[in-house]
Amino acid sequence: METPTRIYVMKTLKFHKMQGTGNDFVVLDNRDLKLSEKEIISLTPQLCDRKYGIGADGLLELEISQKKGADFTMIYRNADGSDAGMCGNGARCLAMFAAHHGFKDRVSFNVHNAIYKATINKAEESVIVHFPDIQPPNWIEIDNHKLIQVYPNTEHVVCLTSKHALEVEQDLIDLGTTIRNADALQPEGTNVNFVNIQEDNSILLQTYERGVENLTLACGTGAIASAIAVHFVSGSETGAFSITVLVKGGELEVNFTFNSELNSYQHITLKGPAKFVYEGTIHI
């Protein structure tokens, strides 16, 4: 008796690859694909795998708006499929993607319950994302390391260090792993930003990203967290501030005002590149 032949049905998924200062993403337009949350979570590690998939730091998903006042909804998943909360570089890339797929050059979108606005410059391949107000940081101590905890709608801590220390990447990975998994910061864990303040008040930044579990070339929310942390340790003066953040993947600009009476960081923007790399299909 012959063994029945098994028939495997292979699906084809259309995607775009984008990057913002080297932070790279697989981008899906789920308005057409209509993938469920369970399917997205399951697919993300496969798509983000750099050897067996497309390769990326995370997955961006453009959804029909799920919140009043938003043009669309942004879903972001870390490379391991976990919920990343907000992603600044990803937000710029998805806003640029939206502007090339039926949306205007000024858009609003939600990530969970927060509403963000973006201004897209197609010619310059850059985007400015406007963030909601952020409460001041606070000091915490993990394994004898004094850290500044900041929450730009996702978990971050900032570690001020020397320029030389930023060049010893294995040490950053080891310390980032320890802090990211510290019991005191569970269950969410945290992203860990290693920052050196330059003489011209720009900052050098390396970020150990939760969900990627490694250093990345850039982190947008990490740039915001780091800029605010630097202002916080400098004395938290009232006023408007602009800080250039130098990351391995390029340059970001963080702007904000600090209102001492309200004890709040306001008018926060993140400016940087958002570029298409390629588009294609993948068999899943």
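Only heavy atoms go into these numbers, but all of them, side chains included; no hydrogens, no water, no symmetry mates.
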For the side chain of [X] and the backbone of [Y], is there at least one donor-acceptor N/O pair under 3.5 Å apart?
X      : Y      : result
Thr216 : Ala218 : yes
Asn191 : His156 : no
Asn30  : Leu35  : yes
Lys122 : His100 : no
Asn121 : Glu124 : yes
Gln19  : Gly22  : yes
Ser264 : Gln266 : no
Thr44  : Ile40  : yes
Asn110 : His112 : yes
Ser42  : Lys38  : no

Any salt bridge between [X] and [Y], counting N to O under 4.0 Å?
X      : Y      : value
Arg31  : Asp29  : yes
Arg210 : Glu155 : yes
Arg77  : Asp83  : no

List the steps and the verdict of side-chain contact (heavy atoms from CB on, under 4.5 Å) for Ile243 and Asn255.
CA-CA 6 Å; Ile243 296 180; Asn255 290 276; over 6 Å; no
Would you please test Asn138 and Tyr151 for side-chain contact (heavy atoms from CB on, under 4.5 Å) and show each step?
CA-CA 10 Å; Asn138 59 278; Tyr151 187 76; over 6 Å; no
Please check if [X] and [Y] belong to a single hydrophobic cluster, counting links between Ile, Leu, Val, Met, Phe, Trp and Tyr side chain heavy atoms closer than 4.5 Å.
X      : Y      : answer
Phe131 : Ile120 : yes
Leu94  : Ile128 : no
Val107 : Met18  : yes
Val27  : Leu13  : no
Leu33  : Leu59  : yes

Would you say the side chain of [Y] lies within less than 4.5 Å of the side chain of [X], judging by non-hydrogen atoms?
X      : Y      : answer
Asp57  : Cys48  : no
Tyr116 : Pro132 : yes
Val245 : Val195 : no
Gln46  : Ile284 : yes
Phe15  : Leu60  : no
Val254 : Ser242 : no
Lys275 : Arg92  : no
Asn23  : Glu209 : yes

[X] side, atom [atom1]; [Y] side, atom [atom2] - distance, nearest 0.5 Å:
X      : Y      : atom1 : atom2 : value
Ile134 : Ile224 : CD1   : CD1   : 6.0 Å
Asp133 : Gln135 : CG    : CD    : 7.5 Å
Thr269 : His130 : OG1   : NE2   : 6.5 Å
Met96  : His16  : CE    : NE2   : 13.0 Å
Gln149 : Phe232 : CD    : CZ    : 11.0 Å
Cys93  : Lys17  : SG    : NZ    : 10.5 Å

Could you give all pairs that pass the ring-ring contact (aromatic ring centres under 6.0 Å, His included) test and reach [range], with sequence neighbours left out?
range            : value
residues 164-216 : none
residues 21-79   : Phe25-Tyr76, Phe72-Phe103, Phe72-Phe109
residues 253-272 : His231-Phe256, His231-Phe258, His231-Tyr265, Phe241-Phe256, Phe256-Tyr265, Phe258-Tyr265

Sort out for me which residue in Val158, Ile179, Thr178, Leu215 forms a side chain to side chain contact (heavy atoms under 4.5 Å, CB included) with Val192.
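Only match with Val192 under side chain to side chain contact (heavy atoms under 4.5 Å, CB included): Ile179.
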Using a 4.5 Å cut-off between side-chain heavy atoms of Ile, Leu, Val, Met, Phe, Trp and Tyr, which other residues end up in the same hydrophobic cluster as Val168?
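Other cluster members: none.
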Under 4.5 Å side-chain linkage, directly or through intermediates, the cluster mates of Leu217
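Traced through the cluster, Leu217 reaches no other member.
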Salt bridge (Lys or Arg N to Asp or Glu O under 4.0 Å) evaluation trace for Arg50 with Asp24
CA-CA 11 Å; Arg50 296 191 184 276; Asp24 61 340; 2.8 Å; yes
Evaluate the side-chain contact (heavy atoms from CB on, under 4.5 Å) criterion for residues Ile142 and Ile140: first the C-alpha distance (whole Å), next the side-chain angles of each, then the deciding distance (0.1 Å), finally the verdict.
CA-CA 7 Å; Ile142 302 292; Ile140 62 171; 4.2 Å; yes
Looking at [X], I want to see if its [atom1] is surrounded by more than 12 non-hydrogen atoms of other residues, nucleotides or ligands under 6.0 Å.
X      : atom1 : answer
Lys117 : NZ    : no
Glu141 : CD    : yes
Asn113 : CG    : no

So which heavy atom on [X] is nearest to which on [Y], and how close?
X      : Y      : result
Ser260 : Thr238 : OG-OG1, 2.6 Å
Glu251 : Leu246 : OE1-CD2, 3.7 Å
Thr73  : Gln66  : OG1-N, 2.8 Å
Ile203 : Ser226 : CD1-CB, 3.8 Å
Leu204 : Leu166 : CB-CD1, 3.6 Å
Arg180 : Gln186 : O-NE2, 3.2 Å

Please list, chain by chain and in numerical order, all residues satisfying side chain to side chain donor-acceptor pair (under 3.5 Å) with Lys248, sequence neighbours excluded.
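Scan of Lys248 (side chain to side chain donor-acceptor pair (under 3.5 Å), adjacent residues dropped) gives Glu169.
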Would you please test Leu252 and Leu270 for side-chain contact (heavy atoms from CB on, under 4.5 Å) and show each step?
CA-CA 7 Å; Leu252 296 165; Leu270 173 70; 4.2 Å; yes
Distance-only side-chain donor-acceptor flag, Thr12 / His283, under 3.5 Å:
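A donor-acceptor contact under 3.5 Å links the two side chains.
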Is it the case that the side chains of Thr207 and Asn193 hold a donor-acceptor pair, with the cut-off being a distance below 3.5 Å and no angle test?
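A donor-acceptor contact under 3.5 Å links the two side chains.
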